[in-house]
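Below is one structure, written out as structure tokens, with a few remarks after it.
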Amino acid sequence: MEHNSNKINRRDSLKWMGVASLAGITWACDTQETTETAQEEHQHATDDSLKLSEADQKLMNQQFFTDEEMKTIRVLSDIIIPADDRSGSATDAGVPEFIEFMMKDQPRHQTGMRGGLHWLNVQCNKQFGKPFPDCSEEEQTNMLDQIAYPEMARPEMSVGVNFFNNFRDFVATGFFTSKMGIEDLGYQGNRATVWQGSPQEVLDKLNVSYDMVKEYKFVN
Amino acid sequence: MQIKENGTEYDVCVVGSGAGGGMAAKVLTEAGAKVVMLEAGPTFNSAEGDMFKWPYQSPRRGASTHRPFGEFDAAYGGWEIDGEPYTTVSGTEFDWFRSRMLGGRTNHWGRISLRFGPKDFQRRSVDGLGDNWPITYEDIKPYYDKVDRLVGVFGVNFPKELGLDNEPDGIFLPPPKPRAYELMVKKACDPMGIPVLPSRLSILTQPHNGRAACHYCSQCNRGCSTYSNFSSPPVLITPAQNTGNLTLITNAMAREVLTNEEGLATGVSYVNKEDGLDYTVKAKVVVLAASSCETARLMLNSKSSRHPNGLGNSSGMVGKYLMDSTGASYAGLFPQLTDRFRYNEDGIGGMHMYVPWWIDNMKAKLDFPRGYHIEIYGGMGMPGYGFGGGIHRYNTWFKNGQTSNGGGGYGKQLKEDYRYYYGSMVGFSGRGEPVAREDNYCEIDPNQLDQWGIPVLRFHYKWSDYEVKQAKHMVDTFEEIIHEMGGKPLWQKPGADTDYGLLAPGRIIHEVGVARMGKDPKKAPVNEYCQSYDCKNLFVADGASFVTNADKNPTWTILALSMRTAEYIVDQRKKANI
């Protein structure tokens with residue numbers, strides 16, 4: 001079955017590619033293509049590239065986080081979802097750019113996110129004498145262990161816990177809605193098919209069977 | 001301001017293009033009537049919708065920034081629309097969802113297509129509350145049959161021994177097989193006496209009337225590129241257009257129904273949203289199907305010396321007896337559904353199994369009079385915005401004490417957890433019947449206009465104890481099912497302080513009532529054919545005429561009633577009665 005809903009016009013695509021390479025985003029194409037020809041080939045090869053409306057393009061062109069803040073976001077994102085043998089890391093999947101976009105798309109998140117990053121640096125300064133990105137891996141882990149486990153955290157860390165819960169959620173959505181994340185998860189759908197029921201091994205494992213509904217006539 | 005008049009006099013002007021307006025237009029044009037249809041939003045073709053779009057094709061990954069059900073949902077509009085406000089009387093609440101587009105809310109709805117049953121039309125006779133409809137199930141059954149045949153709906157007739165005599169048989173396409181987790185629900189519910197049965201949705205499991213069968217992408221709410229589910233434009237409006245008798249005017253926001261000295265409707269005035277100018281169309285008959293509350297708003301805003309309280313409102317009942325379905329939900333995680341074998345579990349865009357209301361409230365001496373049905377959700381769906389949210393609340397569960405630090409965390413173990421819990425949730429939503437009350441109403445707010453200068457609606461709506469107790473029964477039942485299935489509820493069960501999770505009125509988007517049908521013109525604005533008692537060439541064809549809002553989604557009944565009303569209009573025109 002042919003479906004045309006995912007087509008995007010060439011100009012939009014090139015506009016996006018330009019922004020993407022500036023921002024170091026890798027979610028629209030696997031490798032950083034630099035020539036227009038290569039981009040066009042890529043465009044022809046895929047039908048699921050990013051589509052930006054004019055309004056979204058405007059948001060993309062604005063910058064909310066400072067370079068320093070983005071640095072912290074990158075480090076944090078990859079600590080939360082690192083690369084492993086199945087897939088890449090959060091930054092490989094474009095999570096920091098997704099978070100940046102959402103701040104502009106839903107400005108209600110701005111204060112909490114910026115405040116949380118600030119709080120994290122203040123805490124690290126207090127405990128280790130330097131902001132979070134400059135801390136050693138050991139110091140970063142030490143800091144995060146104080147806020148990453150809500151039930152274990154000390155009461156005075158509650159704002160940090162809330163920030164980290166929120167940040168973790170952003171990273172998870174950003175990663176698992178990326179192409180890499182969806183492949184990692186093993187989601188098999190979003191395609192034309194014929195539903196014929198759940199596989200036998202799935203039914204067996206759950207101790208159910210289609211005999212339970214044998215009085216009804218199903219399609220397929 | 002100059003008002004532009006269209007010189008043509010149409011046979012019928014239909015306001016609204018959703019289920020009610022679309023059906024009326026189809027029946028009327030096929031009978032040869034010249035029909036003009038006014039739609040307040042732009043045109044829409046679901047073949048050009050966002051079906052098959054991946055979240056990563058949008059920088060917001062499908063977030064609901066601009067649309068309440070997510071970026072890829074088909075509905076243009078929502079509970080708030082810029083420039084088109086409404087108000088609520090303090091201490092009451094009603095959230096009014098509007099979908100300004102060709103086809104209205106049929107473009108994104110859940111396609112749950114349930115006939116009202118015999119008892120639903122005679123509730124007062126059953127429990128002494130509210131009023132009976134002036135019609136019976138037998139009066140409307142032939143129209144349900146025709147709707148089934150025309151539109152297409154899958155399902156099964158339930159075995160008689162189940163005693164579900166308020167769940168009528170239909171003319172069904174075969175349903176899809178249940179998903180594995182839906183069989184888990186059935187297994188748990190069987191010993192509890194809760195019937196889990198194949199659902200009934202207007203999604204084609206076989207080719208039907210020239211439309212292709214479903215391709216099982218599970219994205220019905222985005223609009224279907226092959227028209228394999230029901231929405232008004234391809235199923236009703238295109239056939240109406242093919243007769244050559246339909247004039248469709250989009251971006252036309254109806255302002256009022258025009259009347260003459262005798263008090264009869266002569267047409268409709270509307271504002272063209274593109275040029276901001278006012279226009280009128282003339283018609284011999286006016287059919288309002290603008291969505292129940294918008295229909296009431298039009299009637300109330302159409303005041304004249306002959307109709308000082310608004311058109312068709314000598315009873316004072318226009319706007320009264322507003323109803324939305326009740327709604328409460330609860331969900332759990334299930335250890336047997338962790339670390340799942342991956343396969344394409346999308347299926348149709350909704351549940352394959354559901355639970356119709358299974359208890360006789362009177363016999364069982366329940367402390368609430370009306371029932372609800374249960375919708376089941378879960379599965380390994382396409383990840384979307386919000387995926388993985390709140391994992392710190394549960395990622396210690398079902399791991400045999402292997403996690404020492406409690407929930408939350410980061411790193412490789414956390415990444416593994418997202419995979420582990422994917423598809424392990426199953427949830428339940430109750431959708432129930434409220435008791436109609438005169439003091440749940442909408443009226444014209446004397447102090448506020450929308451951007452087109454049209455007075456807006458003010459709502460006054462409160463749930464009663466009946467609905468609150470029903471919600472308690474819902475969440476208690478869902479909790480039992482979750483435990484019976486061996487799972488763990490995902491959040492604390494809502495208690496009395498939150499009315500047991502009962503959602504605000506309007507949230508289920510089943511607004512009906514406000515111009516109800518009845519035998520007594522003093523108590524009801526329209527008769528059993530949805531014809532105004534005060535203005536015989538004015539009809540309503542959406543949910544406005546409903547006397548009760550059964551524990552079934554209203555669309556199938558809107559379609560059947562609209563068909564019946566349109567056939568009546570054809571008949572009355574032939575007899576020169578209108």
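Letters go in sequence order (proteins before strands), and every chain restarts at 1. Only a predicted model underlies this, so the values are computations on that prediction, with no experimental measurement involved.
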Chain B interface, residue from A:V202, A:I81, A:L203 that has the most non-hydrogen pairs under 4.5 Å: A:V202
Which word best sums up how the rings of A:F164 and B:Y410 line up, parallel for under 30°, tilted for 30 to 60°, or perpendicular for over 60°? perpendicular
Under the criterion side-chain hydrogen bond (donor to acceptor under 3.5 Å, both in side chains), I'd like the reasoning laid out for B:K415 against A:S87: C-alpha separation, chi angles, the key distance, then a yes or no. CA-CA 10 Å; B:K415 193 177 183 184; A:S87 64; 2.9 Å; yes
Could you check which of A:K205, A:Q196, A:Q188 has the highest count of heavy-atom pairs closer than 4.5 Å to chain B? A:Q188
Which class fits the ring pair A:F176 and B:F387: parallel under 30°, tilted 30 to 60°, perpendicular over 60°? tilted
If we ignore hydrogens and angles and just use 3.5 Å, is the side chain of B:D346 paired with the main-chain N or O of A:N190 as donor and acceptor? yes
Look at A:D56 together with B:R60 and state whether they make a salt bridge at an N to O cut-off of under 4.0 Å. yes
Could you please state which residues from residues 211-220 of chain A sit under 4.5 angstrom from chain B, measuring non-hydrogen atom to non-hydrogen atom, sorted by number, or 'none'? A:M212, A:V213, A:Y216, A:K217, A:F218, A:V219, A:N220
Donor-acceptor contact below 3.5 Å, side chain A:Y210 vs main chain B:P178: yes
If we define contacts as heavy-atom pairs under 4.5 Å, which of A:T141, A:V194, A:L144, A:N165 has the most with chain B? A:N165
May I ask you to say whether A:D84 pairs ionically with B:R419, meaning some side-chain N is under 4.0 Å from a carboxylate O? yes
Tell me if the NZ atom of A:K58 is crowded by more than 12 foreign heavy atoms within 6.0 Å. no
Heavy-atom cut-off 4.5 Å, strictly under: side chain, backbone, both or neither for B:S218 against chain A? neither
Considering all heavy atoms of both residues, which atom of B:Y56 and which atom of A:K179 are nearest to each other, and what is their separation? CD2-N, 3.2 Å
Student check: side-chain heavy atoms of A:S198 and B:Y343 closer than 4.5 Å: yes
